[in-house]
Each structure stands twice: as structure tokens, then as C-alpha cells.
Asks: 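Next up is a structure, given as C-alpha cells.
Sequential numbering from 1 along the given sequence is applied to the chain's residues. We count ligands from 1, going down the list as the structure has it; atoms in each ligand are counted the same way.
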Amino acid sequence: MAGSTHPWWKEASIYQVYPASFQDSNGDGIGDLPGVLSRIDYIKDTGADAIWICPMYNSPQKDMGYDISDYENVYPPYGTVEDMDAIIVACHERGMKLLLDLVINHTSDEHAWFKESRSSKDSPKRDWYIWRPARHDAQGNRRPPNNWSSHFGGSAWEWDEGSQEYYLHLFAREQPDLNWENEETRKAIYETSMHFWLRKGVDGFRVDTVNLYSKVPGLPDAPFTDPTSEYQFPEGQVSNGPRIHEFLGEMNAIFAQYGATMTMGELGPTSNVRKYVSAAAKQLDMAIQFDLVNVGFGPDVANKYNIGPEDALTLPAVASAVASIQGILADSDGWVTTYLENHDQPRSVSRWGSDLTDESRVRSAKLLAMFQATLSGTILIYQGQEIGVTNAPKEWSMEEYKDVASIDFYEGVKAKTGGDPKALARAFAGLQCLARDHSRIPMSWDASPNAGFTNGEKPWMRVHDNYALVNVENQLSDENSVRSFWKKMLRFRKEHADLLVHGIYKAVQDKDLNVLIYEKHSARRKAIVALNFSGAEQPVQGPPSIEGAEKGGYLSTYGDLVEGNLRAYEGRVWIGSS
Ligand code: GLC
Ligand code: CA
């Protein structure tokens, strides 16, 4: 919480666990909480101080647990509330913190509240969700109450035959939006999703879709910006709405009752973030911003997988996104996060580095580790990132993609184009690059069947084809592995936390297509970071000689002490006085 300028969460390295895909303990093919428990020492050994577990609550799993039917119970295939208690204890015994995902913009349509709400227009819980009567067009056809589209495509409204009204869902139709205008509803949300787990000792939350709770009154139509669809994304009507800061203030007051908890909100773009993360404003401790990971995505939410040459991922665009996130530390009392992967993103090596050969994979994964770990803010590492896991192989067909967002997008293109093969090929190419599925592939632990993820026959999602080569076990025993480098890098980051966690970012060379150079400043010292994002050797000007660095204040992703040109995907950092 605000109050101290050095709370535990600023220098903490947070490791994100996706329960379905981390470790299966009982052979049913689904990762579970006993599996997580069995790997806590591994997570700690990687250099993590905290674990964020993605939703493990009871859920029909239409959106992998982001559709919660009971906040106070665990999804049975994952385990029980007692398993969670054991994980909390295990983390605390090791001096680690435990964070949960707080998903309260919506519930599942199977949550008891929604079932009651939908049961009739007179239900006492009718107003806990957002219900509206139909509109009718000139021909008398029933139409949704407004033109809003959902994040996953199509209308954001679903007709309920039983009670003859539409309800709002900004995500899948099985994720009805809660009505935050109703105070009784808010209190009930806080009790079941926050107090319940805070009393059990969790140390904070990653807050899902945190700026969507307050909708513009009257729910006006969204401006017409996407000519390919009759439904339009309601950015200005649902994001950063009129009461959002009031609601976050209420939540913050609850967290304050539990002492040193932390919150990180899923929120972007940076233009809106300062108000949320200012320490004085007492809203969220930090944001998980989208500026950087969205570089190279399609033009808007509805078309995010529709990528073309115009959406090229260039280094100057990357640099400008970084500068805008890091800028929050320079000109405000707010805090940020540094991350390149999570369960909604493809694998960073495939996207920003090169997965063409194993050599380029290893080199570029280390480069990205240095990039991310020399940026200020709280660092988030997603499971598998520490071993340089790549996207799904290009040979995989659409059947291997399980994510509701991928499927809805692909089916949407099919419906819009009458199944035009060219359009479908383009849609699939977008998914091969950006789908959320890539990060949801089960973890590759070792070279045994099914990558050591499960000893059952069928993992819920296909394991990676390259697991015999790219796995944890191989890398633990190899001091030149990506995992060994991550461990080293996280240690280096802590040793020079004044610069690498708290330092002020200053771009030095940010227009080059291959090499990015920046400095990090503290009161008395500075770091210089030079990163070659290309597979060819590149000249580098500016950085000092190795002798110019402080003792122990130099690191190359190649692990040696060489000056001159940067080698393929090489990154170097120097620490010295400013
Ligand atoms: C967030 C989650 C994502 C989920 C969505 C709806 O963006 O990270 O996985 O689909 O919210 O809850
Ligand atoms: Ca299991």
C-alpha cells in the first residue's frame, strides 16, 4: 500500500503460474494445486519472491477460470481450498508472497447471483447485473440495446429467452458484467472475492480488467469505427468510466485493513494510467500496461489478430512504448510493472526474438531477459519464459487452439466472409503469431512422455513438440542455459536495484532498427544497456569500456568480457557512476 516508498513489492520478482498448464499431480491431464505446491522450491530457486496464481476458483471454464461461479471454492480438478491454504503456508514459510487474480468485472453465468438475477425481472438480484430491454428495427426485428461489441467478437449483449431481456457481457456470453452501480452488489463482491482470501493470508491481487467496472450512464452507442462490423468496441463508454476512481478507492480502503498487501491492475494504455497508480491517489499500487506487448497487434481490440505488414514490430516502436511506460516513474509518484509475457500473450522469443534455430532461441531469450530485467518497476515472469519456450509449432492446426478468444475470432472471420479461404488463412496466421494459446501450452519439465507435465495419457492441451530439447531439467544442469541466465539476471537486478528496479529511464539510441541503447539513473550511479535485437553482428557506439564499469557491474548475455561489436542477439549492461 502507499505509505512507504519502499514496500516489499517494488523489488519483488513475481512468477506467474497458470494452474491448468503448470504441473499435473494426479494424471488426469489437468494441472492442479498439489502440482503447484510441488514446484514452489523450483519457483523460488528461479529467483522469485512472489507467486501470482491465475484463477483457480470454481468455474465452468468457458474462459479458463476468468468466468467464476464461486469465489470461495476451488475448481475441483485443481483441488480444494485446503490446497490453497497449504500453498499460502508454503510460500510464507519460504519468505515468499502469494497473489491471486481478482476477477470482478463479471462472473460466470453459472454464479448463483446470476442464476437468481436471470430467474425473473422481479428477482431481488435482477439489478446485480446489467439488463436492458430489446430495441426493434423498422422491420420489427429484435435488436440488442446498443451497438457495443464484446472483446471476443460479436454483440456484447445476449438475449435471455426466459426473462425476455438482454444482459451485458463485455467478454464471452458466459461472463455477464456485474452492475457496480449497485452498492449492495459491490459490498457482496468485496466480501466474497477480497475479504475471504485476505483473511486467509494472501498478500495481494492482480486485478483483472480493472478499468471497466464503471460504464457511462445510459449506455450510449459506441462511435462507428470498425466498418467490418455492425458492432463497435465501446472503449469510451466502458473504460475509465465516471465512477471508476470512487470504486477503486473503496477497494483500496479494504486492502489497507490487511496491511502490506499489493494490487496490480490490468490496465492501459499509459495515457490513462497515472491516475490509477499514483501513490497519493490510493487506487492501485501499479498497472500491468499494454503499450509494449501491444506493439504489432492489429488496429483495435476486435481486429487484434488481424495483423498485416502495416503492423510491423519495429524496434523504434518497441522503444517508444518502453519510454512511455518507464516515464511514469520519472514524472509521477506512480509505480509500474515490467513484463513481456503472460497468459494472454504469445511467447516473447517467437515474437521479439528468433525461434528459427535453437541457437537463436537461446541467444534471443537471454537478450529479452536482460531487456526486461533492466527496466524499472516490479518484474513479472510467466511460467516457461525462464526456459525460453516458443510459440506452438506452425504445423499445429486450428484444432489445437483451445482459447475462446481464438475460436471466437476465427469463427467470426468465417461467418463474416462466408468461409473465404484467404481470409481464414490470414486469420490463422494472426493466431499463429499472437494467440493466447501459445502461453497456455503445458509446461515442459523434462524429456519424459508429455514433458513431465502429466503422467496420464492425455494432457488437456497438447504439449510442445520441442519438449525433449527445451525443458527445465536440461536447463537446470546447464550453466549456459536460458534458465541459468534468468537466475543470474534476476540476482544482478537485485544487486543494482537502485538502478535496475528504481532507476529513471533515458533513451540513448531508440531509432535504430537493430540496436536499442538506454541508460538508467539513480542519484549517484548509472547503468548503460545495449541490446542487439538482430541476428547479425552490430556496431555499437557510446557505451564505456569494461574497465569503466564498477567491479562486478558488467554483464553480457554471452557470459564473457568482450568489447567492440555486439554479437547476434547480444545484450550488455554496464554499471558505473554518473
Ligand atoms: C483479462 C484476462 C483474460 C480474460 C479477460 C476476461 O484480460 O487476463 O485472460 O479473458 O480478462 O476476464
Ligand atoms: Ca490434475
Side-chain angles (χ1 to χ4, degrees), residues 16-39 52-57 59-69 71 74-80 83 100-109 111 150-153 156 169-178 193 205-213 238-239 264-268 287-290 293-294 297 301 304 337 339 341-346 380 382 402-409 434-440 442-443 450 452-461:
Q16 182 188 354
V17 167
Y18 198 65
S21 304
F22 195 55
Q23 175 72 70
D24 177 20
S25 71
N26 63 353
D28 67 355
I30 303 172
D32 47 50
L33 297 178
V36 175
L37 189 62
S38 73
R39 295 292 185 180
W52 149 27
I53 304 190
C54 282
M56 74 301 152
Y57 313 98
S59 161
Q61 305 289 332
K62 295 293 181 217
D63 185 22
M64 293 303 292
Y66 284 90
D67 49 321
I68 299 170
S69 56
Y71 292 88
V74 167
Y75 177 51
Y78 290 167
T80 61
D83 291 325
L100 298 183
D101 223 301
L102 187 59
V103 189
I104 49 182
N105 174 68
H106 43 263
T107 67
S108 160
D109 62 347
H111 194 288
S150 101
H151 266 85
F152 296 160
H169 61 89
L170 292 180
F171 293 88
R173 72 171 60 83
E174 298 90 351
Q175 291 167 299
D177 279 55
L178 285 155
S193 67
F205 293 95
R206 175 267 189 185
V207 194
D208 189 63
T209 61
V210 72
N211 58 347
L212 301 181
Y213 308 156
V238 303
S239 296
M264 42 183 189
E266 187 198 22
L267 169 70
I288 300 177
Q289 292 163 244
F290 288 99
V293 292
N294 275 0
F297 268 77
V301 179
K304 74 171 192 173
T337 52
Y339 76 101
E341 292 189 16
N342 63 35
H343 64 292
D344 292 332
Q345 298 294 330
L380 311 176
Y382 180 72
K402 308 287 181 214
D403 177 21
V404 58
S406 304
I407 295 167
D408 283 3
F409 168 71
L434 297 177
R436 310 196 297 182
D437 300 86
H438 301 296
S439 58
R440 302 174 179 194
M443 185 75 176
N450 285 322
F453 162 70
T454 175
N455 55 22
E457 261 156 41
K458 223 181 143 9
W460 75 273
M461 182 179 182

Asks: Within the stated cut-off of 3.0 Å, is an N/O/S atom of Ile30 closer than that to the Ca ion (ligand 2)?
Replies: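 Yes, Ile30 qualifies, because one of its backbone or side-chain N, O or S atoms lies under 3.0 Å.
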Asks: What N/O/S atom of Asp28 is the closest to the Ca ion (ligand 2)?
Replies: OD1
Asks: Backbone N or O of Asp83 within a donor-acceptor pair of the Thr80 side chain at under 3.5 Å?
Replies: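 Flag set: sc Thr80 to bb Asp83 pair under 3.5 Å.
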Asks: Could you list the atoms of ligand 1 found under 4.0 angstrom from a heavy atom of Thr209?
Replies: 1 (C), 7 (O), 11 (O)
Asks: Does ligand 1 have an atom that lies less than 4.0 angstrom from a heavy atom of Arg440?
Replies: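 The answer is yes, since Arg440 has a heavy atom less than 4.0 Å from ligand 1.
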Asks: Salt bridge between Asp63 and Arg436, side-chain N to carboxylate O under 4.0 Å?
Replies: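 Looking at Asp63 and Arg436, the cut-off is met.
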Asks: Taking the non-hydrogen atoms of Lys62, is any one of them nearer than 4.0 angstrom to ligand 1?
Replies: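 Distance cut 4.0 Å: Lys62 fails for ligand 1.
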Asks: Thinking salt bridges, do Arg440 and Asp344 make one under a 4.0 Å N-O criterion?
Replies: yes
Asks: Test your reading of the model: is there a side-chain donor-acceptor pair from Asp24 to the backbone of Gly27, 3.5 Å cut-off?
Replies: yes
Asks: Please confirm whether His151 approaches ligand 1 to less than 4.0 Å, judged on its heavy atoms.
Replies: no
Asks: Which of the N/O/S atoms in Asp32 sits closest to the Ca ion (ligand 2)?
Replies: OD2
Asks: Where's the contact between Phe152 and ligand 1, heavy-atom distance under 4.0 Å: side chain, backbone, both or neither?
Replies: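 The part of Phe152 near ligand 1 is the side chain, not the backbone.
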Asks: What is the ring orientation for Tyr18 with His343, classed by angle as parallel under 30°, tilted 30 to 60°, or perpendicular over 60°?
Replies: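 Correct class here is parallel.
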Asks: Would you check the N or O atoms of His343, main chain and side chain alike, for any that come under 3.5 Å of an N or O of ligand 1?
Replies: yes
Asks: Atoms of ligand 1 less than 4.0 Å from Asp63 heavy atoms?
Replies: 4 (C), 5 (C), 6 (C), 10 (O), 12 (O)
Asks: Suppose I only count heavy atoms of Arg436 and a 4.0 Å limit; which atoms of ligand 1 are within that range?
Replies: 3 (C), 4 (C), 9 (O), 10 (O)
Asks: Do Ser108 side-chain atoms and Ser59 backbone N/O form a donor-acceptor pair below 3.5 Å?
Replies: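 No: the side chain of Ser108 does not pair with the backbone of Ser59.
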Asks: Does a donor on one side chain and an acceptor on the other come within less than 3.5 Å for Asn105 and Asp177?
Replies: yes
Asks: For N/O/S atoms only: which one belongs to Asp24 and is nearest the Ca ion (ligand 2)?
Replies: OD1
Asks: Please determine if Arg173 and Asp109 form a salt bridge, counting it only when a charged side-chain N lies under 4.0 Å from a carboxylate O.
Replies: no
Asks: Looking only at heavy atoms of Met64, does any of them come nearer than 4.0 Å to an atom of ligand 1?
Replies: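 Contact check Met64 vs ligand 1: negative.
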Asks: Closer than 3.0 Å to the Ca ion (ligand 2), do we get an N, O or S atom from Asn26, backbone or side chain?
Replies: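 Yes, within the cut-off.
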